[in-house]
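Below: one structure, written as structure tokens.
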Amino acid sequence: IAEWPATAVNYTAKTQYLFRINKGILDVTNDRDLNGFTPEYKRRVPFANMIYIGDGLTDIPLSAFYLCNSLKTLEVDANNPVYSSRNNILCDKSGTVALLCAPGLLEVDIPEGITNIAQNSFERCLPLQRVNIPDSVLWIGHSAFWGCESLQSVTIPKNVQGIGYWAFTSCDQLQEFKVAEENPRYSARNGMLCSKSGKEVICCPEGLKEVEIPEGVVGISEMAFGYNTNIVKIVIPDSVVYIGYAALYYCKSLAEVHLSERYSGPMDVFPASATIIRYSPVAAVADGEGAVQSRIASAMEEFADTKLT
């Protein structure tokens, strides 16, 4: 990203700065190379991959750059009263809220100081393979990374307090979640995003075809596997007593569900096309109705503590 001291400039000067970005001439004293001829193949950022937001634009919809997968540069005029840009990410004026990312980037380092990754801010950034989320981030909004189908791994840093619904849904190549050990709300088990205690599965990476949920998990959150079109087999341990609404929604390739005979929750959460294979838990001890309800209540209380409203 090119940065210059804030200054009042006319339209001619603004055009000059665009050519500086285009040619990769960021030294404002170097006018000779700026005015000289540069072949297209030697230009650092093609104009076709750039959007310049001037100081008069104050209302940008979430879908403004939707599927503009060649767009790699995003700059905001320093005099714009509402927006700013950092590392090719459209931000609020304070630079603390990430609003929209240039969708053509392969890798993104979200700048330190960003505290909020807004809803849909990286939605359908199809080429995106890696994103670095800094420790300053507190919130990851609903559908923030929906449809980033090239994203392969995500690390949740230590200060994240809330993650919205569908934040990583339809990330078809996502293989694993990692979570900083210091994070007080989240953890990772078998590559899945879980609550801190590991008792709730919040989100399963969609690049996995076969999933074995660890013993000790008591609940599977709403939409935890939603829109996962890759998964073909899931083994649910005897410890699970609660499966949330639409937890396995549109898992159209799911063929096998291995489920304890003691599970007494709703069965309509499973796709009709899946074969349910019931197994007898090892050394099973019959639970009374009170014990089952207690486990469900405990699971629901933990779910409520990890959701971003």
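Being a predicted model, the structure only gives us computed values, none of them experimental.
- Scanning for side chain to side chain contact (heavy atoms under 4.5 Å, CB included) contacts around A255 gives an empty result, with sequence neighbours left out.
- Between I163 atom CD1 and H142 atom NE2 the span is 12.0 Å, to the nearest 0.5 Å.
- Donor-acceptor pairing under 3.5 Å is lacking for the side chains of N80 and D77.
- The backbone N or O of G216 sits less than 3.5 Å from a side-chain atom of S239, completing a donor-acceptor pair.
- Taking the six-membered ring wherever Trp is involved, the centroid distance between the rings of W146 and F168 does not fall below 6.0 Å.
- Under a hydrophobic-cluster definition in which Ile, Leu, Val, Met, Phe, Trp and Tyr are linked whenever side-chain heavy atoms come within less than 4.5 Å, directly or via other members, M267 and V269 are assigned to the same cluster.
- Here L99 contributes atom CG and Q119 contributes atom CD; the two are 10.5 Å apart, rounded to the nearest 0.5 Å.
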Checklist entry - side-chain contact (heavy atoms from CB on, under 4.5 Å) between V131 and L151: does it pass, once the steps are laid out? => result CA-CA 8 Å; V131 60; L151 193 59; 4.0 Å; yes
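- Between Y227 and Y249, the ring-plane angle classifies as perpendicular under the 30° and 60° cut-offs.
- R86 places a side-chain N or O within 3.5 Å of a backbone atom of E112 that can act as its donor or acceptor partner.
- Between V137 and the choices N116, I156, I114, the side-chain contact (heavy atoms from CB on, under 4.5 Å) rule is met once, by I114.
- Partners of P157 by side chain to side chain contact (heavy atoms under 4.5 Å, CB included), not counting sequence neighbours, listed by chain and number: I133, D135, V160.
- Within a 6.0 Å radius of OH in Y250, no more than 12 heavy atoms belonging to other residues, nucleotides or ligands are found.
- With sequence neighbours excluded, no residue satisfies salt bridge (charged side-chain N to carboxylate O under 4.0 Å, His left out) with K158.
- Of the candidates L128, L126, L174, E149 forms a side-chain contact (heavy atoms from CB on, under 4.5 Å) with just one, namely L126.
- Partners of D31 under the salt bridge (charged side-chain N to carboxylate O under 4.0 Å, His left out) rule, at least two apart in sequence or in another chain, are R20.
- A donor-acceptor pair is defined here as one N or O able to donate and one able to accept, closer than 3.5 Å; such a pair exists between the side chain of S195 and the backbone of E200.
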Item to check | V211 and V235: CA distance, side-chain angles, deciding distance, side-chain contact (heavy atoms from CB on, under 4.5 Å) verdict | outcome: CA-CA 6 Å; V211 174; V235 178; over 6 Å; no
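- Listed by first then second residue, pairs satisfying ring-ring contact (aromatic ring centres under 6.0 Å, His included) with a partner in residues 98-128 read F122-F145, not counting sequence neighbours.
- Side-chain heavy atoms closer than 4.5 Å link hydrophobic residues (I, L, V, M, F, W, Y) into clusters, and following such links, possibly through other members, connects V240 to I276.
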Checklist entry - Would E206 and T169 satisfy side-chain contact (heavy atoms from CB on, under 4.5 Å), going step by step from the backbone distance to the final call? => result CA-CA 8 Å; E206 297 188 15; T169 297; 3.9 Å; yes
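- Distance alone, capped at 3.5 Å, is enough to place a donor-acceptor pair between the N88 side chain and the L74 backbone.
- One distance of note links OG1 of T275 with NZ of K233; it measures 12.5 Å at 0.5 Å rounding.
- To the nearest 0.5 Å, the span separating OH on Y279 from OG on S260 amounts to 5.0 Å.
- Around the NZ atom of K252, the shell of radius 6.0 Å holds no more than 12 heavy atoms that belong to other residues, nucleotides or ligands.
- Under the rule for a side-chain hydrogen bond (donor to acceptor under 3.5 Å, both in side chains), N49 has no partner lying at least two apart in sequence or in another chain.
- Listed by first then second residue, pairs satisfying salt bridge (charged side-chain N to carboxylate O under 4.0 Å, His left out) with a partner in residues 209-220 number zero, not counting sequence neighbours.
- Taking the ring-ring contact (aromatic ring centres under 6.0 Å, His included) definition, one finds that Y245 meets it with nothing, sequence neighbours left out.
- Judged by distance alone, the side chain of R185 and the main-chain N or O of Q161 form a donor-acceptor pair under 3.5 Å.
- With sequence neighbours excluded, no residue forms a ring-ring contact (aromatic ring centres under 6.0 Å, His included) with F270.
- Residues C194 and Y186 form no side-chain contact, since every pair of their non-hydrogen atoms from C-beta on lies 4.5 Å or further apart.
- By the salt bridge (charged side-chain N to carboxylate O under 4.0 Å, His left out) test, E176 pairs with K178, sequence neighbours left out.
- Going from atom CD1 of I243 over to atom CZ of F225 covers 9.0 Å, rounded to the nearest 0.5 Å.
- For the residue pair E261 / S280, a side-chain donor-acceptor distance below 3.5 Å is found, with atom types taken as modelled.
- Residues forming a salt bridge (charged side-chain N to carboxylate O under 4.0 Å, His left out) with E107 (at least two apart in sequence, or on another chain): R130.
- Partners of T29 under the side chain to side chain contact (heavy atoms under 4.5 Å, CB included) rule, at least two apart in sequence or in another chain, are D27.
- A donor-acceptor distance shorter than 3.5 angstrom exists from the side chain of R278 to the backbone of Y263, with no hydrogens or angles considered.
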